[in-house]
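Quick note: numbers below take in every heavy atom, side chains included, and nothing from hydrogens, waters or symmetry partners.
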Amino acid sequence: MSKHFLGDTAVLLGRSLRHITRSPDTIITTAIMPIAMMLMFVYVFGGAIRTESDSYVNYMLPGILLITVASGIAYTAYRLFMDMKGGIFERFQSMPTARSSVLWAHVLTSLIANLISLGVVMLVALLMGFRSGAGVLSWLSVAGILILFILALTWIAVIPGLSAKTMEGASAFSYPLIFLPFLSSAFVPTGTMPGPVRAFAEHQPVTSIVNAIRALFSGQPVGTDIWVALAWCAGILVVAYAFAMRTYRRRIS
């Protein structure tokens, strides 16, 4: 990467972050739905759900974190769509700026905003009784998985953000991603599910990611789950990045 690209990306990242600081409700809104789910599942349904964990908030927190990310990336698609509609991309392309710096600024803004939202959710979980026996290395591993997951979903969000025809279409893609943790081990053990649903739940990416984060939080052996989780995140990231850059080049050409 050239200094030109890094400098342009840093300037445009500052622009995007200023928009967020002027509208902090986007981060608050992103965190509200996962927090409401966490409160409902722990205090309403938690007593009726049997898991291998003594604390249900400990069991379901990894899934809530993934839902937080899935909710947050809808704003990335929305911001991209609004910039495309407003002609911001064409305006910057007419200046001596690196072609992809505008796109990378949005991606890095998504990463920062989602990390803040995750921090808010984690704080509420601690107030609700979440406790972890994880060491520093395990916490760093959880952070690494979540960062990779954010980047993978953000590059997915870039595609509708650049190609959608309406504002609703740009953000609606996130709904299936928010629903996916419900068909995983995020809230109930997969062994309690009917056969076909169980087969899907055990072989979709969210389950391996949730299981890996849950084991890291509890200080238990992670086994192969962490490698499967990393493989899923990396694979999704590579494919989404390729399609997003192809869509970007087509839109600005």
Side-chain angles (χ1 to χ4, degrees), residues 5 8-34 66-95 97-118 146-181 205-206 232-253:
F5 167 80
D8 291 344
T9 302
V11 171
L12 294 172
L13 173 61
R15 165 187 173 267
S16 295
L17 291 177
R18 281 192 297 272
H19 288 174
I20 289 181
T21 57
R22 293 168 185 167
S23 181
D25 56 298
T26 57
I27 293 178
I28 296 172
T29 303
T30 298
I32 281 178
M33 185 185 71
L66 299 193
I67 289 176
T68 303
V69 175
S71 302
I73 60 167
Y75 285 101
T76 301
Y78 168 77
R79 287 190 292 265
L80 272 168
F81 174 80
M82 295 304 293
D83 273 359
M84 289 295 296
K85 184 178 179 181
I88 298 296
F89 279 77
E90 290 79 2
R91 199 172 307 164
F92 283 124
Q93 292 302 320
S94 66
M95 300 177 181
T97 58
R99 290 171 62 88
S100 59
S101 59
V102 185
L103 195 58
W104 273 101
H106 278 283
V107 171
L108 294 176
T109 299
S110 172
L111 177 61
I112 294 170
N114 276 288
L115 288 175
I116 294 173
S117 296
L118 289 173
L146 289 174
I147 288 172
L148 197 59
F149 184 72
I150 292 170
L151 291 174
L153 263 62
T154 296
W155 282 107
I156 292 177
V158 167
I159 300 171
L162 294 173
S163 57
K165 303 300 182 183
T166 64
M167 181 179 63
E168 292 76 13
S171 56
F173 82 98
S174 65
Y175 298 153
L177 298 178
I178 294 172
F179 181 71
L180 201 57
V206 170
W232 270 113
C233 290
I236 294 170
L237 174 59
V238 169
V239 173
Y241 175 80
F243 276 98
M245 292 305 295
R246 181 179 178 183
T247 303
Y248 180 61
R249 285 191 292 266
R250 187 170 63 246
R251 287 302 306 268
I252 67 174
S253 60

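Closest of all the heavy-atom pairs between T109 and A105 is OG1-O, 2.7 Å. The shortest heavy-atom contact between A244 and L162 is O-CD1, 4.0 Å.
With values rounded to the nearest 0.5 angstrom, N114 atom CG is found 6.0 Å from T76 atom OG1. For the atom pair CD1 (I116) and CG (L111), the distance works out to 10.0 Å, reported to the nearest 0.5 Å. Atom CZ of residue R79 and atom OH of residue Y75 lie 9.0 Å apart, to the nearest 0.5 angstrom. Here the OH atom belonging to Y175 is positioned 10.0 Å from the OG atom belonging to S71, to the nearest 0.5 angstrom.
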### Query
Given L80 and L103, is the side chain to side chain contact (heavy atoms under 4.5 Å, CB included) satisfied, shown in steps?
CA-CA 8 Å; L80 272 168; L103 195 58; 3.9 Å; yes
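Side-chain contact between P176 and L180: absent, with no pair of heavy atoms (C-beta onward) separated by less than 4.5 Å. No side-chain heavy atom of T247 sits under 4.5 Å from any side-chain heavy atom of V158.
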Using a 3.5 Å cut-off and no angle test, enumerate the donor-acceptor pairs between side-chain atoms of residues 147-157 and protein atoms at least two apart in sequence or in another chain.
{"from": "T154", "atom 1": "OG1", "to": "S110", "atom 2": "OG", "distance (Å)": "2.8"}
{"from": "T154", "atom 1": "OG1", "to": "I150", "atom 2": "O", "distance (Å)": "2.7"}

